[in-house]
Novice: 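Here it is: the structure, laid out below.
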Amino acid sequence: MPSTQLSLLTDSEVYNRHIGISPPRLQDFDVRSFSDNMATVTLQMSPFRLGFYQFALLEAGSGTVGQDGKAQAFSNYTLFFNVPGQIIYWDISPDWRGYYFNLSESFYTVPLEGFPRLAALPFFANFTPGIRLLKPEAEQLTGLFSQLVAARELPTTHFHAISKGLVNGILAYGLRYYARYVSEEAVAATDQSPAARFVALARKRVTALSLGLPAQPLTPGQLAEELFVSPQHLSAVVKEATGRTPTVYLQETLMQEAQKLLRATSLPISTIADQLAFTDPSYFSRVFKKVVGKSPAAYRQEGLAS
């Protein structure tokens, strides 16, 4: 991922200007067709940090979308999700076809039952990169998205009201398809080793910290308890699988997030340390230097100079 120093893209207007498309109708909501955007959007985009939720359907096309430093290969019938605070970039083909919308909590004023905030929707809450849809599922969403895009031609008041209903319909279908995905993943996960489950859980927890969400248990002992294994057994299987103890693996994973935040944001080092659950900034700096080989300040300065 290229190094850069970019501010948070706080709303769709700033985002649209950044990627080279026309302004949105509403500040806290925007809907687009990928095929309409392809004429002006840069197909290879450097990293930037989102300030809103994004729900997208790739009906056809291929390419790579980076989310928090991890590249995801997307293709036909992929539903993918981004959340505020994520650092994303892309390298996509010009034949992308599909739709997406950007929205903020301020737009979500008529919530789905059981999900009072966008942050509670499981595909956002679990930082799911994307899921593959069945063709009928993709066609169902395509129909709703096409209605949503067509509604942009209506007067603003009508567009605002109609778009809320259509967005909720799309989110509700997204929940249904996500439930199928989770069910299939749960079956596959029964074959995963404790080490693989530890790695997945650790990365999920560290990603949550990086996005500024409330901290959840992250010590090896706490994770061992959640995985229903003893700390001693977890230590043995993680070291065998990764070559590192659980503590070292967690430190390295935290420092990977720290590097992204140092390069892609202007947050003070002390704030980054606190966000990653280090109560002592000095200890954070020592761990960072041990893992990365240089201090956080030197690492950030090197990024600015490159």
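Treat the numbers as computed from the prediction; the structure is a model and nothing was measured. Scope of the values below: all heavy atoms of this structure, side chains included, with no hydrogens, waters or symmetry mates.
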Novice: State, without any angle test, whether Asn37 and Tyr100 hold a side-chain donor-acceptor pair at a distance under 3.5 Å.
Specialist: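 Tyr100 and Asn37 do have a side-chain donor-acceptor pair below 3.5 Å.
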
Novice: With a cut-off of 3.5 Å and sequence neighbours excluded, list every side-chain donor-acceptor pair involving residues 269-280.
Specialist:
| from | atom 1 | to | atom 2 | distance (Å) |
| --- | --- | --- | --- | --- |
| Gln275 | NE2 | Leu209 | O | 3.4 |
| Gln275 | NE2 | Ser210 | O | 2.4 |
| Asp280 | OD1 | Ser282 | N | 3.0 |

Novice: Between Glu153 (side chain only) and Ala150 (backbone N and O only), is there a donor and an acceptor less than 3.5 Å apart?
Specialist: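 No; zero donor-acceptor contacts below 3.5 Å.
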
Novice: Answer yes or no: does atom CD of Glu226 have more than 12 heavy-atom neighbours from other residues, nucleotides or ligands under 6.0 Å?
Specialist: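 More than 12 heavy atoms, drawn from other residues, nucleotides or ligands, come within 6.0 Å of this atom.
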
Novice: How about Gln222 and Thr219: does a side-chain donor come under 3.5 Å of a side-chain acceptor?
Specialist: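 Their side chains do contain a donor-acceptor pair, which is all the 3.5 Å distance test asks for.
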
Novice: Determine the minimum heavy-atom distance between Phe52 and Ser104, stating which atoms define it.
Specialist: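 Where Phe52 meets Ser104 most closely, the heavy atoms are CB-OG, 3.9 Å.
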
Novice: Is a side-chain donor or acceptor of Thr42 paired with a backbone partner of Met45 at a separation under 3.5 angstrom?
Specialist: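 Not confirmed, Thr42 side chain does not pair with Met45 backbone.
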
Novice: Step through it carefully: locate the ring centre of Phe145, locate the ring centre of Phe101, and say whether they are under 6.0 Å apart.
Specialist: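 When the ring centroids of Phe145 and Phe101 are compared, they turn out to be within the sub-6.0 Å range.
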
Novice: Within 45 degrees of the axis of the six-membered ring of Phe159 and under 6.0 Å from its centre: does Arg25 put its NZ or CZ there?
Specialist: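 Relative to the ring axis of Phe159, which defines the angle, Arg25 lies inside both limits.
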
Novice: How long is the span from the CZ atom in Phe34 to the CG atom in Asp95, to the nearest 0.5 Å?
Specialist: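 It comes to 12.0 Å.
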
Novice: Is the backbone of Gln232 close enough, under 3.5 Å, to the side chain of Ser235 for a donor and an acceptor to pair up by distance?
Specialist: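 The answer is no, because no donor-acceptor pair under 3.5 Å joins these two groups.
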
Novice: Establish, from distance only, whether the side-chain atoms of Gln54 and Tyr15 form a donor-acceptor pair under 3.5 Å.
Specialist: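 Yes, Tyr15 and Gln54 have a side-chain donor paired with an acceptor closer than 3.5 Å.
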
Novice: Say whether, by atom type as modelled, one donor and one acceptor occur between the side chain of Glu302 and the main chain of Ala298 under 3.5 angstrom.
Specialist: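 It does not hold such a pair.
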
Novice: Please report the shortest heavy-atom distance between Tyr249 and Thr253, naming the atom on each side.
Specialist: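 Smallest heavy-atom distance, with atoms named: O-OG1, 2.8 Å.
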
Novice: Report yes if some heavy atom in the side chain of Pro246 is under 4.5 Å from a heavy atom in the side chain of Leu223; otherwise report no.
Specialist: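 They are not in side-chain contact.
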
Novice: Please check: side-chain N/O of Arg203 versus main-chain N/O of Leu201, any donor-acceptor pairing under 3.5 Å?
Specialist: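 Judged by distance alone, no pair lies under 3.5 Å.
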
Novice: Is there a path of hydrophobic side-chain contacts, each under 4.5 Å between heavy atoms of I, L, V, M, F, W or Y residues, that connects Leu79 with Leu175?
Specialist: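 As far as the 4.5 Å side-chain criterion goes, Leu175 and Leu79 are connected within one cluster.
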
Novice: State whether the side chain of Glu257 and the backbone N or O of Leu254 hold a donor-acceptor pair below 3.5 Å, judged by distance alone.
Specialist: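 Judged by distance alone, no pair lies under 3.5 Å.
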
Novice: Mind checking the OG1-CZ spacing from Thr265 to Arg49? Nearest 0.5 Å is all I need.
Specialist: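 That separation rounds to 5.5 Å.
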
Novice: Would you say the side chains of Thr142 and Tyr99 form a donor-acceptor pair under 3.5 Å?
Specialist: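 The answer is no; no qualifying pair exists.
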
Novice: Does Gly61 offer a backbone N or O that forms a donor-acceptor pair with the side chain of Asn76 under 3.5 Å?
Specialist: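 Yes, Asn76 side chain to Gly61 backbone: donor-acceptor pair under 3.5 Å.
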
Novice: Is there a donor-acceptor contact under 3.5 Å from the side chain of Ser93 to the main chain of Ser62?
Specialist: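 Looks like yes, one N/O pair under 3.5 Å.
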
Novice: So, for Pro24 and Phe29, which heavy atoms are closest and what is the spacing to 0.1 Å?
Specialist: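 For Pro24 and Phe29, the tightest heavy-atom pair comes out as CB-O, 4.0 Å.
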
Novice: Do Asp30 side-chain atoms and Glu13 backbone N/O form a donor-acceptor pair below 3.5 Å?
Specialist: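 No, the answer is negative, given that no donor and acceptor are paired below the 3.5 Å cut-off.
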
Novice: Side chain of Thr78, backbone of Phe74: donor and acceptor closer than 3.5 Å?
Specialist: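 No: the side chain of Thr78 does not pair with the backbone of Phe74.
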
Novice: Can Lys135 be said to sit on top of Tyr77's aromatic six-ring, NZ or CZ under 6.0 Å from centre and within 45° of the ring axis?
Specialist: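 Negative - Lys135 is either too far from the ring of Tyr77 or too far off its axis.
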
Novice: Taking the six-membered ring for Trp, are Phe123 and Phe55 ring centroids under 6.0 Å apart?
Specialist: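 Yes, ring centres under 6.0 Å apart.
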
Novice: Knowing that exactly one of Leu148, Val149, Leu171 qualifies, which makes a side-chain contact (heavy atoms from CB on, under 4.5 Å) with Leu166?
Specialist: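 Filter result, single survivor: Leu148.
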
